[in-house]
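Since the model is a prediction, treat every value here as computed from it, not as a measurement. All ligand and atom numbering here is 1-based and tracks the order in the structure.
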Amino acid sequence: MGNGNEDMLPLYETVKTRGRFVYRIFAVTFFGAVLLILYHRLTHVPQGAKWLWIGIFLSETWFAFYWVVNQTLRWSPVHRHTFKERLYKRYEKELPGVDIFVCTADPYKEPPMLVMGTVLSLMAYDYSPHKLSVYLSDDGASDLTFYALLEASKFAKHWVPFCKKFDIEPRAPKRFFSISNSSMDHHSEEWTTIKKMFEEMEERVETAVKLGRITEDIRSQHKGFLEWDKKPFTSRDHPPIVQILIGGGDLKELDRDGVPLPTLVYLAREKTPERPHNFKAGAMNALIRVSSVISNAPIILNVDCDMQSNNSKSVRDALCFLMDEETGHHIAFVQFPQSFSNLTRNELYDGFMRVISAVNMPGLDSQGGAPYIGSGCFHRRSILGGRKFSEGSREYLSGKNWGKNEEEAWTLEERSKDVATCTYELGTEWGMEMGLKYGCPVEDIITGLSIHCRGWRSVYCNPSREAFMGVTSTTLADALVQQKRWSEGDLQVILSQYCPFIYGFGKIKMGQMIGYSTFCLWAANSLPTWCYAIVPSLCLFNGIPLYPKVTSPWCMPYAFVAFSAYGYSLYEMLWSKGTVKCWINDERMWMIKRVSSFLFGFMDNIFRLVGLGKSGFEISNKASDEDAMRRYEQEIMEFGVASPMFVIVATLPLFNLIAFALGLKRVITQGSSALDSLMAQLILSGFIVSICFPILEALFIRRDKGRFPASVSCISIVSAMLITCIPIF
Ligand SMILES: *[C@@H]1O[C@H](CO)[C@@H](O)[C@H](O)[C@H]1NC(C)=O
Ligand SMILES: *[C@@H]1O[C@H](CO)[C@@H](O)[C@H](O)[C@H]1NC(C)=O
């Protein structure tokens, strides 16, 4: 092919997933069966137990509705592939600058060495270092984190050239050393030296963290520590701190081979108890402003502090979309999936992220763009600043000289501090039309939505070598708290002025509005799931049939829906490269989440609406103790804390166990006609019991520290008994 042609070729391609036609036939058939079920319910109203019938009917109607809504995520998925060689050929010399934001908030919940792994992996990106700047926002304003960053900046001088010389992956040191050994590489001497250097640094940082403060010896190493001299200095009340550790006009740091390093900046924005700090959105907006003073790159990548790079070419992947000559000017942001390194083989708590990444996000991508999920996302700076889409105006990323500011570091630091104060945003559009939006725990979702509503689209990029790897919750309590926060925040979106159907009306496609609402409605599944987990079992041992007899033809649609729904979700899990056990774990988690996290998320929204309580942003604990870690690695569920969520988690299977036993007794004593009419309920409660078996095991059989605390066991046994006694009329 001639060179002329080559210049015209797109930088990425979009592939429609195969098997759409088969899926659509399945979906239509499934929907037909669902309609039959609803018809059957309406035409076969029982004489007694009307309330229970209404409960079941409403739940089924909800599930049917939610299933329909979910079809936007599955109807026409697309996958995207980038051509990085073409980008390289055409633009290598003129690639734009990239500012990378890492957000951390607490040196004890998010250990500094984990954060430094992230920082180092990003500094080592396969990208021209003078176009790259890494900013660490520390909302904990901890001198420990600052010290760790100082150490990382020194280590980077050796680490970055080492990565590039041997082209290693992944470029997070700890992760790399855990999977590589010196004999694997031919340069074992260098490997050993670097490893030793890293371990020494780790040792120094961890000693300081254990000590809980910075010694005089360390303090004298850098002028930056003087910033902590203001008294009293607390994480909630302190002046702005900006320290440029690498870069700035007068401070050209070179690595050991004499090559410049990416700019590295520490930021702790000002905080006072009198002003709201707006959580992560506030930190992001401060980062946007500070970086505009120092490097002002047109592309911004933001990651959570535990999201280490697993693919040093991700910047190039993202630029293939943003710089595509044909369609690039439509694209506001490129979202990468979140993958997790701390998953066990069968993903005890988190398998569902796999399906979201592999199935749902590609589905949304075809509806106008994946949502912004707060981490692993490349944005255009101008659009975060509020720019609207118009066909005529294009932003050219290539060809300009995106030089960094050449002023002295000290001047830059002082100027940056001015934009990182609490008062800077007063009377401005920050938090509303500019930057990330305030006032919602899922600031990322509404920010993405508002970008879509301004006419932009986004793409979802899931390269075969995953771009980022985070640390997932390794205890059930953490997983549930996190799910509660998400489901609560998402529901809050649909109840606010950002409701996709109102805010997006006339601005985005119907499919996209519905797509957004699938996540927003997670919490609303809690009550129907509760109803479905209790009512049929309650009726079972009271001898009230709720489903058609096994011998009746009406049984068919019910059986079809039940089996094909589970069969299909198993297929999805396997297609997303999960295992059968992943799927079982996921089904269990799905049930647990719906009845606990989502319920609390739902209730909190109600409380908020009627003026009780408030919503906040809790950090889930990313470090956990050794015993619990060992159990996690053996895939044993962890229930060892007394939490009201666990009472619910234990009560439900316990109640179903009782119901199943009593139901079985009834069927055995009453014979085949009872079996015929109660079969479906027997299967349902048997299913709940068996899928929740690990919970029952933790109640009665296990003896380790991860089983339920006695208080939780007692309360749930009593609660299960009480539910059993609910009178039926
Ligand atoms: C992640 O998992 C590894 C091994 O599975 C473990 O050593 C490490 O402590 C875990 N990290 C966190 C932060 O949980
Ligand atoms: C990192 O990438 C490698 C290569 O594709 C893959 O095997 C590994 O699972 C990835 N790790 C994570 C946690 O994404």
Practice item. Taking only Lys NZ, Arg NE, NH1 and NH2, and the carboxylate oxygens of Asp or Glu, determine whether Glu572 and Arg74 approach each other closer than 4.0 Å. Key: yes
**Study point:** Closest approach of Val641 to Ala477 (non-hydrogen atoms, all atoms of both residues)
**Key:** CG2-CB, 4.0 Å
**Study point:** Pairing of Asp444 and Lys280 as salt bridge, 4.0 angstrom limit
**Key:** no
Practice item. Show the numbers, then the answer: is there a ring-ring contact (aromatic ring centres under 6.0 Å, His included) between Phe519 and Trp486? Key: CA-CA 9 Å; Phe519 299 109; Trp486 283 345; 10.0 Å; no
Practice item. Can you tell me which residues line ligand 2 if we count any heavy atom under 4.0 angstrom from one of its atoms, in chain and number order? Key: Asn310, Ser339, Phe340, Ser341, Ser464, Arg465, Glu466, Met469
Study note, to complete from the structure: Which of Phe378, Tyr460, Phe321, Tyr372 passes ring-ring contact (aromatic ring centres under 6.0 Å, His included) with Phe336? Answer is Phe378
Exercise for review: Verify the distance criterion only: is there a donor paired with an acceptor across the side chains of Arg485 and Ser597 at less than 3.5 Å?
Suggested key: no
